[in-house]
Amino acid sequence: MRTPIVAGNWKMNPKTIMESSILASDILSKYDPNSTVECVLCPPSPALKVVADACMRSSIKIGAQNLHPERSGAYTGETPPEMIAEYCDYVIIGHSERRQLFLEDDKFISSKIHTALELGIVPIFCVGETLDQRESNLVNRTIDAQIKASLSSIPTNKIPQIVVAYEPIWAIGTGKAATPEIAQEVIGFIRECIKSLSNDFSASQIRILYGGSVNSANAQAIASQNDIDGALVGGASLNASDFSEIILAFSK
Ligand code: PGA
């Protein structure tokens, strides 16, 4: 039995530490302490501490939105991964915004996954195709290539610790979520890729989330799909009521 995860990717949306702190308290006040869903909040880095403090006495987990692969050194503007590890159990790696806007490639993403695992932080590794790739029938090829390029060098026994998020780029922030059937189809395929890269055990244990315009109205249908173990939520994670309804939808 895979424990479902609902992770809120706040991106750069809360503009102050105070806004992050208020959002965390709102989510906390609506979170059922007996929930069977692992809830992860991913605030902007400078707000990690206040959000972690707010959630300290709850089972809510904290995630970072990024991680530098090097442990220390001359990397102006970056956050040392060990500082991230002081607050975070999870980290989002390979999000399409980082791939597209910050030109992160598969190799760089792979080195971040290695660093996260070394520090005991669970990577939420994002993959997904563009609309062009979907319309050109290149979905499986794209996803398979992203998985192979970033996970081939990870030791087999570490694969089940990773969380994969399928986030079709055309669905992110557009209000046009993939249909539950499409999400299930690709996530089933991701499980097959993990099986061929690793083994049956890894494929049955690894948690795979769907992300891209998940909201309180579509969460239930997405959650009802066999292979979907949770959601990576952007916009709807900024509203405590919507976010808690999404958590509820995944409480199988
Ligand atoms: P969205 O973002 O829910 O706003 O589409 C998802 C994500 O980018 O992780």
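Start at 1 and go down the list; that is how both ligands and their atoms are numbered.
In summary, the side chains of H95 and E167 do present a donor paired with an acceptor at a separation below 3.5 Å, with no hydrogens or angles considered. Between the side chains of Q184 and Y166, no donor-acceptor pair is found at a separation under 3.5 Å. A donor-acceptor pair shorter than 3.5 Å can be found between the side chains of S202 and N199. Between the side chains of Q65 and W10, no donor-acceptor pair of N or O atoms lies under 3.5 Å.
With a 4.0 Å heavy-atom cut-off, ligand 1 is reached by the backbone of I172 and by its side chain too. Contacts between A171 and ligand 1, counted as non-hydrogen atom pairs separated by less than 4.0 Å, involve the backbone only.
Within 6.0 Å of atom NZ in K107, 12 or fewer heavy atoms from other residues, nucleotides or ligands are found, so the atom counts as exposed in its surroundings. Heavy atoms from other residues, nucleotides or ligands lying under 6.0 Å from NZ of K49 number 12 at most.
Taking every heavy atom of G235 and a limit of under 4.0 angstrom, the matching atoms of ligand 1 come to 1 (P), 3 (O), 4 (O). The ligand atoms of ligand 1 that sit less than 4.0 angstrom from a heavy atom of L232 are 9 (O). Distances below 4.0 Å separate heavy atoms of H95 from the following atoms of ligand 1: 7 (C), 8 (O), 9 (O). Taking a cut-off of under 4.0 Å to the non-hydrogen atoms of N9, the atoms of ligand 1 that pass are 9 (O).
The shortest contact between atom 9 (O) of ligand 1 and any protein heavy atom is with E167 OE2, 2.7 Å.
Geometrically, ligand 1 and T174 share no nitrogen or oxygen pair separated by less than 3.5 Å. Between G212 and ligand 1, no pair of N/O atoms sits closer than 3.5 Å. Every N/O-N/O distance between G211 and ligand 1 stays at or above 3.5 Å. Distances between N or O atoms of G173 and those of ligand 1 include at least one value under 3.5 Å.
Between H68 and F108, the angle of the ring planes goes over 60°, which puts this pair in the perpendicular group of the 30/60° scheme.
The shortest non-hydrogen separation linking Q146 to G128 is OE1-N, 2.9 Å.
Which of S96, G234, C42 comes nearest to atom 1 (P) of ligand 1 through a heavy atom is settled by distance: it is G234.
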